[in-house]
Amino acid sequence: MGFIVEGDYSDDDVVLEPPPNFSMVEEGIYRSSFPRPSNFAFLQTLNLRSIIYLCPEPYPEENLDFLRSQNIRLFQFGIEGKTEPSLVTLRDAIRGALKILMDVRNHPILIHCKRGKHRTGSLVGCFRKVQSWCLSAVFEEYQHFAGIKSRSNDLRFIETFDTVCLRQCLHSIIYQYQGYGSKKRRLLYEEESVQKPQITSI
């Protein structure tokens, strides 16, 4: 049974349809595959401030139009999906994306690539390491979304990703606990001179 709401993208009532592989990572952080116009009404309900886009291809104009209408900021970190990116390129992109992700001023935020599996899974996996998840739990979450297309190179990258170096780059990570006894950990960094992603002017 679909949810019916009045949306800005149709004269008629629309059904709220999340993108494939959509899930909440934690409060204020979401992940998915590439959003299509049929998903825009659902994304409106998230009140997003930012999107982290992990593909090198230009963002479609219809998606940019949606971002402009909702005042959503786009941060692009171009990671190749068809060919294996170099370790340095992947590491730098993930570090840069994590700095955006951990700044609660950018929340609510959506992470996506094309399928919401490998590049998105790698970023979320490294984020979980910053949160001090055990490696088996990190791998289980990655494999849940990647399914039979799980990539050993992604798992190896997550396993060897240096969170200590990331913490040193950030200089200060503040853990904020919110909610009534839930102790959900949210992160905020206080460094202004960080590596800058490609930010699309919208």
Take V124 and Y142 through the test side chain to side chain contact (heavy atoms under 4.5 Å, CB included) and record every step on the way to the result.
-> CA-CA 8 Å; V124 172; Y142 171 91; over 6 Å; no
Worked verdict on I94 versus F157 for side chain to side chain contact (heavy atoms under 4.5 Å, CB included) = CA-CA 10 Å; I94 293 296; F157 174 80; 3.8 Å; yes
For I109 and D103, run side chain to side chain contact (heavy atoms under 4.5 Å, CB included): C-alpha distance rounded to whole Å, both residues' side-chain angles, the deciding distance at 0.1 Å, then the answer.
-> CA-CA 10 Å; I109 190 168; D103 187 341; over 6 Å; no
Steps toward side chain to side chain contact (heavy atoms under 4.5 Å, CB included) verdict (H112, Y30) | CA-CA 9 Å; H112 78 81; Y30 307 93; over 6 Å; no
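Judged by distance alone, with hydrogens and angles left aside, the side-chain atoms of K114 form no donor-acceptor pair with the main-chain N or O of C55 at under 3.5 Å. Here the side chain of S50 pairs a donor or acceptor atom with the backbone of N106 at under 3.5 angstrom. Judged purely by atom type and a 3.5 angstrom limit, R31 has no side-chain atom pairing as donor or acceptor with the backbone of T120. Proximity of a side-chain donor or acceptor of R49 to a complementary backbone N or O of H107 within less than 3.5 Å is detected.
Every residue two or more places apart in sequence or in another chain that forms a side chain to side chain contact (heavy atoms under 4.5 Å, CB included) with P20 is listed here: S33. With sequence neighbours left out, E140 forms a side chain to side chain contact (heavy atoms under 4.5 Å, CB included) with no residue at all. Residues forming a side chain to side chain contact (heavy atoms under 4.5 Å, CB included) with N21 (at least two apart in sequence, or on another chain): K117, F145.
F161 contributes atom CZ, which lies 6.0 Å from atom CZ of R95 (distance to the nearest 0.5 angstrom). Here the CZ-CG distance, from F77 to L90, works out to 12.5 Å after rounding to the nearest 0.5 Å. Here L110 contributes atom CG and L101 contributes atom CG; the two are 10.5 Å apart, rounded to the nearest 0.5 Å. Rounding to the nearest 0.5 Å gives a distance of 11.5 Å between CZ of R128 and CD1 of I158. In this structure, CZ in R73 is found 13.0 Å from CD1 in I51, a value given to the nearest 0.5 Å. To the nearest 0.5 Å, atom CG of residue D92 and atom CD1 of residue I79 are 10.5 Å apart.
L64 has its side chain within reach of E61: a pair of non-hydrogen atoms, C-beta onward, lies under 4.5 Å apart. Using a 4.5 Å heavy-atom cutoff, the side chains of N63 and F40 are in contact. With contacts defined as side-chain heavy-atom distances shorter than 4.5 Å, the pair P19/F42 qualifies.
Donor-acceptor pairing under 3.5 Å is lacking for the side chains of N39 and R36.
A distance below 6.0 Å separates the ring centres of Y59 and F34.
What you find for I52 and A97 is that their closest heavy atoms are CD1-O, 3.6 Å. Taking every heavy atom of both residues into account, E159 and K129 meet most closely at O-NZ, 2.8 Å.
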